[in-house]
Amino acid sequence: MTNYNPKEIESKWQSFWSKEKTFSVVEDPNKKKIYVLDMFPYPSGEGLHVGHPLGYIASDIFARFKRHQGYNVLHPMGYDSFGLPAEQYAIQTGQHPALTTEKNINRYRQQLDRLGFAYDWEREIRTSDPYYYKWTQWIFIQLFDSWYDLVENKAKPITSLIAHFESEGSQDINASCTQKLTFTPKQWNSYSSEKKEDVLMNYRLAYLSMSMVNWCPELGTVLANDEVKDGVSERGGYPVEQKEMMQWSLRISAYAQRLLDDLDQVDFTTSLKEQQRNWIGKSEGLLINFEIEHQKEELQVFTTRPDTIYGVSFMTLAPEHKLVQHITTSEKKKEVFAYVDLISKKTERERQANNGKPTGVFTGSYAINPINNEKIPIWVSEYVLHGYGTGAVMAVPSGDQRDYEFAKQFNIEIKNIFEGISLDSSAYSEKDVIYKNSPEINGLNYVDATAKITTLLVQKKKGRKKINFRLRDAIFSRQRYWGEPFPIYYKDNIPYTIKEEQVLLPKVDKYLPTRDGRPPLGRAKKEDWNIFLGDQMELNTMPGWAGSSWYFLRYMDPKNDKKLASSEKLNYWNQVDLYVGGAEHAVGHLLYSRFWTKFLFDLGVISFQEPFKKLLNQGMIGGAIESLCLKKEKKEGRPVFVCSTKIDNEDFVKIPCHIDFVSDYGSKTSHLLPKQIQKFIKWRPEFKHALFEISNQFLSVEELLNHPEKKLFTLTEHGKMSKRYFNTIDPEKICDSYGADTLRCYEMFLGPIDEHKPWNVNGISGVSGFLKKTWTLFHQAKKVAPSNEELKILHKTIKKVSEDIENYSFNTVVSTFMIAVNEWNKLSQISLTTMENFVVLLSPFAPHISEEFWFKLGNKTSISTVPWPSYNESYFVESTYEYPISFNGKMRFKIPLSLSLTKEEVEKEVLKNKKTEPFIAEKTVKRIIVVPGKIVNIVL
RNA sequence: GCCCGGGUGGUGGAAUUGGUAGACACGCAAGACUUAAAAUCUUGUGACCAUUUGGUCGUGCGGGUUCAAGUCCCGCCCCGGGUACCA
């Protein structure tokens, strides 16, 4: 018997799999399908990130498991190769993005191959591949050519809308739109083509508009809302400003309700669903019109609390609100316009970081409260957001904290409309209130008051029920080079789609972004375009999430050049059954793909409305940073290290320590033992003469070695993995020293797949030892009939492993394997047939070693085609059956089969011990707990 | 602030969903083999007393329900994530 040599067998089986195309899959209507998908990576240049393999291993295990169970498994991989990260890397290294992308992909592939994944590489896709992005562009054209009918709740061809306008005008159209328009058919038919196009833009699902956008000068592009965090760009952390620009947007807001409702159909974590719900942000309320003194126009506000209308003591407009220009009185003009100007110059971040005092100015005008005709001053303040609701609010200082603070700041009246509530220090925003000073609703509760005010205002034609969503349309233009070009050209300022031929990304000399926002594609000459129509090509490119919003469909039929995928294949593979990836894509990618899926459903391209049935979020893997505490003060000229537990504002310097030396790495009690201190000193010889202050003694290394139990506690901080902190672990290095199978099992063994954890390598020897033990055990197996004892272990293992994989509890599966092997090891001998079954169980986790075993067993086909073993309960000595007897009512017993007790014997046993107290009977069964009239449980 | 998660030995983590808490692994200790080391194997390992056969306390803290609570309910504390002038 040779020793377990992972390096040798892993490369052997990897080349076998790739030569035999073991994992390529074809559609087969006679077989049930499973679609297991990983979030495909950005090939960013730093190679695979340590967190990545975690999810890939999990999905690979699941895919291999299902393949054993006889499913036709689609398990593909590809690259999200367009977009900012790829381009940033190219810019940093001064190479063309196409080149660096190619290089990075090769590197990724090499790393992926090393881990033995069962991907069908025949189906690989790249979003930057023209054969792929042809269909991204195609979907864009469909969006451009569609509008959203709110009556039937689906997208429809724009031609049907035009036909309606021609015959009925805007009447009877309830569409998702930027602005509500009204016109007659006669008016419509008299419009110029430019005007018609303007009107249609108002309805198209992909539309051009002049709007305030998140402009990031450093990246030279605009960003979608979810790409901006805390006023800076998510990627790179550069400041983001508000800028008015002509941009393409996608009308995702049309789908807000469906995106919200259909969350009930999918199996995502509650926290992720909650994030999506918050992002969609549905709120039901009332639009209320306030008349303005001496003005024709009315001021419309949105509120969810019409019940507090008697508490309105001022109105507030966003500085961008168009009424600000009209209603500001002449004496206030100078002040108000200066304020508006000041605010417009602020970046998003500055507006948010408005710590403490609210700002604002009075416009000089007054609104009329429609409920009691009271005169209310109208103010302008930056705390009101232009983009939400109507950009104006009715301010109720008694019920809203922001309004309260504003009122305090500017000495505006705070009307108390709540019975028995003190408003001395803050507003009262809870809804458990009884009203006062509110003639129509005095004494009522929240529900009744809201209903009454709503009815009153609707009757007066001053109010209208309205559902508002926080979800904003997604900006779809990027002023960057490395993205899908729009299939759009302009003629006389009217955009037209290009359908006759695919628009390819033209070559340009310089692909760097510009600071002023002119797209790099502007550098392309007329002849650089493969197709050039009209006066001007669209020069923006699509954002990174365009290609990733539908890629899961292309894997189904990656080489189709007639359609994005054939309907048979789309129908066969259907939804992704298991989608594995990080939770950081909660509101970006996951929302956009859900949106596109629904749109493609409306088009009739696909037959399902949700792309991902089940989402598994793998936890992030961070790195703990371990440092020794070096006192600034030396002792007798020698440096002194002290325990991290002893430092309190004392002067000390952190000396980062290589994590290989640290015990309990990443925990509160991380420490170095004398032997490890010795290693540390070898690594950092400049501390050769250092002293270590432990339990009030100053000891040198030599002295410490006489006290092997002494511990020097290290300072642990949680952070990133970085070479700078000596806390990186390279997955490839682990493959080198332990093998991919050990790494796969170990990553699963670390803990629940969805939990965040710092990476550590502390326990890897246990997993490695397990595989070695398995190797030995296998080679000791004899060609004999399996004993009952070993079968009992096997069948328990099959049961537990199958159930746990089904529940994505991969860490406990590895433990179960270990228990089985340990128990078999205690037996005098083991049969080959038992091992044969075990090898199948092991193969999703450790495919290479399992394949090696399978080969040795003389089976020529690859192990992944072997059926998953089934278990037989009769081998479970501890198996139980339910044994109902009557005892002060109905009770349930679980009695071991092995004891083969008769009914009388059990009853006798139980009745003999009949007590009011629970009791334990250890003679016939291990434990019986009996309570008269309640459940009795007999534990083994 | 609000919304989700979560808190179990020295460490990572189990616990059939209300039924012997601490599986499995790491670490540590002792022993076997060895000239020695590595590797491997065996044993022990929540804490505190008793040192045998036993006892007491133990799942962030304080209450409660129950024959029985890590698990359910109420009130706190702490950690992680998301989100925010959304009216």
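Order of the sequence lines fixes the chain letters, A, B, ..., with proteins taken first and strands second; residue numbering starts at 1 for each chain.
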Please classify the nucleic acid contact of [X] as base, sugar-phosphate, or nothing, using heavy-atom distances under 4.0 Å.
X: S765(A); value: sugar-phosphate
X: N822(A); value: sugar-phosphate
X: N811(A); value: sugar-phosphate
X: S815(A); value: base
X: K800(A); value: nothing
X: F817(A); value: nothing

In Watson-Crick or G-U wobble terms, both distances under 3.5 Å, what is the partner of [N]?
N: G44(B); answer: C28(B)
N: A37(B); answer: none
N: U59(B); answer: none

Heavy atoms from C-beta onward define the side chain here; which of [options] lies closest to that of [X]?
X: M818(A); options: U83(B), A87(B), A25(B); result: A25(B)
X: T303(A); options: G82(B), A15(B), A87(B); result: A87(B)
X: V393(A); options: G82(B), G13(B), A87(B); result: A87(B)
X: E274(A); options: G13(B), A87(B), C3(B); result: C3(B)

Please state the [atom1] separation for the pair [N] and [M] - nearest whole angstrom.
N: U53(B); M: G63(B); atom1: P; answer: 35 Å
N: G62(B); M: C77(B); atom1: P; answer: 15 Å
N: C24(B); M: G13(B); atom1: C1'; answer: 9 Å
N: A21(B); M: G58(B); atom1: C1'; answer: 10 Å
N: A25(B); M: U43(B); atom1: P; answer: 12 Å
N: A23(B); M: A47(B); atom1: P; answer: 13 Å
N: C72(B); M: A39(B); atom1: P; answer: 43 Å

Using heavy atoms to find the nearest nucleotide of RNA chain B for L750(A) and K826(A) separately, return the residue whose nucleotide is more 5′. L750(A)
Residue closer to the 5' end of RNA chain B, K773(A) versus G281(A) (nearest nucleotide): K773(A)
Derivation and outcome, side-chain contact (heavy atoms from CB on, under 4.5 Å), residues I734(A) and T742(A): CA-CA 8 Å; I734(A) 291 166; T742(A) 301; 5.7 Å; no
Should the pair H779(A) and W775(A) be assigned to parallel (<30°), tilted (30 to 60°) or perpendicular (>60°) ring geometry? tilted
Respond yes when some side-chain nitrogen or oxygen of [X] is under 4.0 Å from OP1 or OP2 of [N], and no when none is.
X: T270(A); N: G5(B); value: yes
X: Y388(A); N: A87(B); value: yes
X: R402(A); N: C86(B); value: yes

Value in whole Å for how far the [atom2] atom of [N] lies from [atom1] of [X]:
X: D804(A); N: U17(B); atom1: CG; atom2: P; answer: 13 Å
X: I819(A); N: A14(B); atom1: CD1; atom2: P; answer: 13 Å
X: Q275(A); N: G81(B); atom1: CD; atom2: P; answer: 12 Å

Taking the six-membered ring for Trp, are the ring centroids of F838(A) and F817(A) within less than 6.0 Å of each other? yes
Under the side-chain contact (heavy atoms from CB on, under 4.5 Å) criterion, do L223(A) and V240(A) qualify, and how do the steps go? CA-CA 9 Å; L223(A) 297 168; V240(A) 171; 4.2 Å; yes
When I288(A) is tested against each of T390(A), N369(A), V301(A) for side chain to side chain contact (heavy atoms under 4.5 Å, CB included), which residue passes? V301(A)
G9(B): syn or anti, per glycosidic angle within 90° of 0: syn
Does U17(B) sit syn or anti, given that only angles within 90° of 0 count as syn? syn
How far does OG1 of T774(A) sit from CG of D741(A), to the nearest 0.5 angstrom? 10.5 Å
What donor-acceptor contacts under 3.5 angstrom involve side-chain atoms of residues 306-318 of chain A, with partners at least two apart or in another chain?
from    : atom 1 : to      : atom 2 : distance (Å)
D307(A) : OD1    : R305(A) : NE     : 3.1
D307(A) : OD2    : R305(A) : NE     : 3.2
D307(A) : OD2    : R305(A) : NH2    : 3.0
D307(A) : OD2    : Y435(A) : OH     : 2.5
T308(A) : OG1    : R305(A) : O      : 2.8
Y310(A) : OH     : E440(A) : N      : 3.3
S313(A) : OG     : E413(A) : O      : 2.8

